[in-house]
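This report concerns only the one structure given below.
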Amino acid sequence: MSIVARIKEATAKAIESLYQHQLSAQDITVNQTKPEFEGDYTVVLFAFVKTLRTSPDALGQALGQYLVANNGELFTGFNLIKGFLNLTVTDNFFLQYLQQRYAGQPDLTYGAPQKVMVEYSSPNTNKPLHLGHLRNNFLGWSVAEILKASGNEVMKTCIVNDRGIHICKSMIAWQDFANGATPESTGTKGDHFVGDYYVKFSDTHKAQMKELEAQGLSKEEAEKQAPIMLQTQQMLVDWEAGKPEVMELWKKMNSWVYAGFDQTYKRIGTDFDKTYYESQTYLLGRKFVEEGLEQGVFYKKEDGSVWIDLTAEGLDEKLVLRKDGTSVYITQDLGLADEKYGEFPYDQSIYVIADEQNYHMKVLQLILKKLGKPYADGIFHLSYGMVELPTGRMKSREGTVVDADDLVEEMVAIAARHTEESGKVKDFTEAELKELYDTIAIGALKFFLLRVDPKKKMIFNPEESIDFHGFTGPFIQYTHARIKSILRRQPINEAVAVNFNGLEKLEKELLVLLEQYPGTVRQAAVEQNPSVLAIYAFNVAKTYNSFYTEHSVLSAESEEKKELRLRLCQLTATTIKSAMGLLGIRVPERM
RNA sequence: GGACCGGUAGCUCAGCUGGAUAGAGCAUCUGCCUUCUAAGCAGACGGUCAUUGGUUCGAAUCCAAUCCGGUUCACCA
């Protein structure tokens, strides 16, 4: 049990014994003591003063004395400042924790295991991945891993938007302008290759619109009447009819894109247990229309379109089937949700989707509820804020989209430059260097995107790029490498025992932090928020670095101190590696 | 217009289930490498927590109003 849990438990017991008053652990506020006061953890007393009909001072004195007298293994002393009871935890408690944990892997499981599905990434097959996808990928992957580490059965999924008018746009452009060029013939990565034709479509479309507008058509008319758009519409019809040459082109171009995605996913360490393709799932929602009409949840308008009225819930009327009988986005999603549950009967289904779709996800869940689907309550929208540039949103039309592959390459170049300047790994082979650059570059990128609360939109400044100092991935990686350097020189001697009193301030501070690790992972899991772990890992690294500068490990005052510090180093390294691992960030042995 | 989200140091962000004098990193400035990796450490500077009112022992945190910014309310996906 964590020290905080034990303090709460002991406090509840003490109050029951002293005042015959029952309290549950969650009623008690325990904070880490502020550095300017003596003590490690603080019980906040104000909440009980009224019900116990006593003063903060009297309560604090009584409680402090009781806790120290009855929990000698936990507390060595207390002090009372206003309504705050500061408790000093015994060195021995932390030394025991250290002794038990330094060698193995942390146990991070809690609660009853659940089946959790996590959907993330969801790319379109008409353009390469960009910065926004990276936040999505890193978030989804990390949340999945955190839930897995917490003891749940997790299935990572991806829905690929591989069909529709936007896919036809790049197809038409390729057909009209490529002269048979391929990624191989041009030496272009497949997803970028196809993305270039999507841009080509836009440019052509724009030019044709301009001509039509000059002929007096309105903007809307011009948009629809542009020859390339008419072509694209026809191609979509042909695709839905399964016209062989269109299907062939579609498959060919998608396969180029997938080859490109695979390369990027591999590079950034994203993986999935199951990939859904919209082309295979988009018709699944149709049966819901019948079902909803029968149940009276949906209604049909005169023109044949089908709707659901959500105005009672404060939302709007929502179309679920077009008058021409084709299904819309939300209907497809209903079908996919059903398909997912059929394959993996989950307790929770997490959708990692940007916050611009908050309304859509709300509607999706509500419709499923109204249809009486048992899995509706398990749906959770992990809504994250968009990544913006200092100038505002990324816009493909204005060419301000930050490409994922380009960004990774840029980071690698910076990592290489820093590494060369430091001159610390001159004996590395080419392959080792390459791996190190990737580890640092992608670590920096992931940390940068994961350190912010997912809910909040974030600003990415390409000018300043991503720093390698301070609150960053490389800072933490560097700390790990430093520790490993010590442990390589001097392995731990298991035979030496380390039970004694007299921890240095920074030794204890570090132990206090390390002891909080399982609780921190739990918080990250409950909140589905990796940034909690990023901040934690940074604090551990920072505290270790202070300790490192202040106290020598290898030239410690005594053999026993040295062994203590070696174990402290080991546990710090393990904790950093574990926490960073849950963020998808590798930590090097040397850098 | 309706709904939802946000506004904390020059910049990027923590803190938000109410608790002590609001914290980090970057930037700026001062020190510290013949001693375990200076991608580091120690320190300085920097705040009307958007504004106003309310709730109470106590408010950045809760409530209301206002201002500013964003997203969304498509027979697009």
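Remember, predicted model here, so these are calculated numbers, not experimental data. Lettering follows sequence order; numbering is per chain, from 1.
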### Query
From the list rC36(B), rU37(B), rA39(B), which nucleotide is the closest neighbour of the side chain of Ala481(A)?
rU37(B)
### Query
Taking atom P in both rC62(B) and rG46(B), what distance in whole Å separates the two?
29 Å
### Summary
Picking from rU37(B), rC75(B), rA42(B), the nucleotide nearest the side-chain atoms of Ser546(A) would be rA42(B)
### Message
With rounding to the closest Å, how many angstrom separate the P atoms on rU37(B) and rG7(B)?
### Response
43 Å
### Message
Can you check the distance between rG23(B) and rC49(B), where both ends of the measurement are the P atom (answer in whole Å)?
### Response
14 Å
### Message
From C-beta outward on Lys424(A), which listed nucleotide comes closest to its side chain: rA39(B), rA14(B), rC75(B)?
### Response
rA39(B)
## Note on the structure
Applying salt bridge (Lys or Arg N to Asp or Glu O under 4.0 Å) to Asp427(A) and not counting sequence neighbours gives Arg590(A)
### Task
Apply the side chain to side chain donor-acceptor pair (under 3.5 Å) test between Tyr384(A) and each candidate in Asn136(A), Asp355(A), Asp453(A); give the one that qualifies.
Asn136(A)
### Task
Quick one: classify the glycosidic conformation of rC33(B) as syn or anti, with syn meaning within 90° of 0.
syn
### Query
Taking the side chain of Lys50(A) as its heavy atoms from C-beta onward, which of rU71(B), rC57(B), rU37(B) lies nearest to it?
rC57(B)
### Task
Taking atom C1' in both rA14(B) and rC75(B), compute the distance separating them and give it to the nearest angstrom.
45 Å
### Message
If you only use heavy atoms from C-beta on, which nucleotide in rC75(B), rA77(B), rA38(B) is closest to the side chain of Tyr329(A)?
### Response
rA77(B)
### Query
Which residue pairs pass the ring pair (Phe, Tyr, Trp, His ring centres under 6.0 Å) test with at least one member in residues 522-542 of chain A, sequence neighbours excluded?
Phe471(A)-Phe538(A), Phe475(A)-Phe538(A), Tyr517(A)-Tyr536(A)
### Task
Any chance you could list the contact pattern along nucleotides 19-32 of chain B? Use B for base contacts, S for sugar-phosphate-only contacts and - for none, protein heavy atoms under 4.0 Å, 5' to 3'.
BBS--SSS------
### Message
Taking the basic N atoms (NZ, or NE/NH1/NH2) and the acidic carboxylate oxygens, is any pair closer than 4.0 Å for Glu509(A) and Lys542(A)?
### Response
no
### Task
May I ask you to decide whether Lys426(A) forms a salt bridge with Glu420(A), counting only side-chain N to carboxylate O separations under 4.0 Å?
no
### Query
For Phe447(A) and rU12(B), what is the distance between atoms CZ and P respectively, to the nearest whole Å?
18 Å
### Message
Test of understanding: with side-chain contact (heavy atoms from CB on, under 4.5 Å), list the residues that count as partners of Gln528(A), not counting sequence neighbours.
### Response
Val143(A), Gln348(A), Ile350(A), Phe380(A), Leu382(A)
### Query
Does any residue of residues 559-572 of chain A have a heavy atom under 4.0 Å from RNA chain B, and if so, which ones, in number order?
none
### Pairing annotation in dot-bracket form, given for RNA chain B with Watson-Crick or G-U pairs under 3.5 Å and | for cross-strand partners
((((((((.[[[[.)...(...]]]].(((((.......))))).....[[[[[..)....]]]]])))))))....
### Task
Flag this pair as yes if the NZ/CZ of Lys301(A) is under 6.0 angstrom from the six-membered ring centre of Trp307(A) and inside a 45 degree cone about the axis; otherwise no.
yes
### Task
Can you tell me, in whole Å, how much space there is between the P of rU61(B) and that of rA22(B)?
14 Å
### Message
I'd like to know if Glu119(A) pairs up with Lys340(A) as an ion pair, taking the criterion as any Lys NZ or Arg NE/NH1/NH2 lying under 4.0 Å from an Asp or Glu carboxylate oxygen.
### Response
yes
### Query
Taking atom C1' in both rG53(B) and rC67(B), what distance in whole Å separates the two?
15 Å
### Query
With Lys484(A), which residues qualify under salt bridge (Lys or Arg N to Asp or Glu O under 4.0 Å), at least two apart?
Glu589(A)
### Task
Return the orientation label for the Tyr548(A) and Tyr544(A) ring planes: parallel under 30°, perpendicular over 60°, tilted otherwise.
tilted
### Message
I'd like to know if the side chain of Thr331(A) and the backbone of Val320(A) have a donor-acceptor N/O pair within less than 3.5 Å.
### Response
yes
### Side-chain N or O of Arg322(A) closer than 4.0 Å to phosphate OP1/OP2 of rA77(B)
yes
#### Entry: Whole-Å gap separating P (rC36(B)) and CG (Leu487(A))
15 Å
#### Entry: Presence of Arg488(A) side-chain N/O under 4.0 Å of rC36(B) phosphate oxygens OP1/OP2
no
Sequence neighbours excluded and cut-off under 3.5 Å, please list the side-chain donor-acceptor pairs for residues 159-168 of chain A, or say none.
| from | atom 1 | to | atom 2 | distance (Å) |
| --- | --- | --- | --- | --- |
| Asn161(A) | ND2 | Glu278(A) | OE1 | 2.6 |
| Asp162(A) | OD1 | Glu278(A) | N | 3.4 |
| Asp162(A) | OD1 | Ser279(A) | N | 2.8 |
| Asp162(A) | OD1 | Ser279(A) | OG | 3.4 |
| Asp162(A) | OD2 | Ser279(A) | OG | 2.6 |
| Arg163(A) | NH1 | Glu278(A) | OE2 | 2.9 |
| Arg163(A) | NH2 | Glu240(A) | OE2 | 3.2 |

### Query
In whole angstrom, what separates His551(A)'s NE2 from rG40(B)'s P?
20 Å
### Message
Quick check on rA39(B): is either OP1 or OP2 less than 4.0 Å from any side-chain nitrogen or oxygen of Tyr478(A)?
### Response
yes
#### Entry: rC16(B) and rC76(B), which share atom name C1', separated by this distance in whole Å
37 Å
### Check: Asp303(A) side chain, rC75(B) base, donor-acceptor under 3.5 Å
yes
#### Entry: Test side-chain contact (heavy atoms from CB on, under 4.5 Å) applied to Gln523(A) - qualifying residues, sequence neighbours left out
Glu527(A), Val532(A)
### Query
So does Glu563(A) pair up with Arg567(A), basic N to acidic O under 4.0 Å?
yes
Give every pair of a protein N or O atom and an N or O atom of nucleotides 2-7 of chain B that lie under 3.5 Å apart, one pair per line with the distance.
none

### Message
If you go through the side-chain atoms of Thr419(A), does one of them form a donor-acceptor pair with the base of rA39(B) closer than 3.5 Å?
### Response
yes
### Message
For rC41(B) and Thr549(A) - does any side-chain N or O of the residue sit under 4.0 Å from the phosphate oxygens OP1/OP2?
### Response
no
### Query
Just how far, in rounded Å, is P of rU37(B) from NZ of Lys484(A)?
14 Å
### Query
Which comes earlier along RNA chain B counting from the 5' end, the contact point of Pro474(A) or that of Asn529(A), where each point is its nearest nucleotide?
Asn529(A)
### Message
Going by side-chain contact (heavy atoms from CB on, under 4.5 Å), name the residues that satisfy it together with Asp333(A), two or more places apart in sequence or in a different chain.
### Response
Tyr329(A), His360(A), Leu364(A)
### Query
Nearest to the side chain of Phe475(A), which nucleotide is it out of rC76(B), rU37(B), rC41(B)?
rC41(B)
### Message
Side chain of Leu319(A) only, heavy atoms from C-beta on: which candidate in rC75(B), rA39(B), rU71(B) is closest?
### Response
rC75(B)
### Query
Where the side chain of Asp453(A) is concerned, which of rA39(B), rA14(B), rU12(B) is the nearest nucleotide?
rA14(B)
### Task
Take Val532(A) and Val553(A), find for each the nucleotide of RNA chain B with the closest heavy atom, and name the residue whose nucleotide sits nearer the 5' end.
Val532(A)
### Task
Could you tell me whether Tyr351(A) and His381(A) have their ring centroids closer than 6.0 angstrom?
no
### Task
Can you tell me, in whole Å, how much space there is between the C1' of rA60(B) and that of rU21(B)?
15 Å
Atom pairs and distances, donor-acceptor, side-chain atoms in residues 40-50 of chain A, under 3.5 Å, two or more places apart:
| from | atom 1 | to | atom 2 | distance (Å) |
| --- | --- | --- | --- | --- |
| Asp40(A) | OD2 | Val89(A) | N | 2.7 |
| Asp40(A) | OD2 | Lys508(A) | NZ | 2.8 |
| Tyr41(A) | OH | Gln516(A) | NE2 | 2.8 |
| Thr42(A) | OG1 | Thr33(A) | OG1 | 2.7 |
| Thr42(A) | OG1 | Asn86(A) | OD1 | 2.7 |

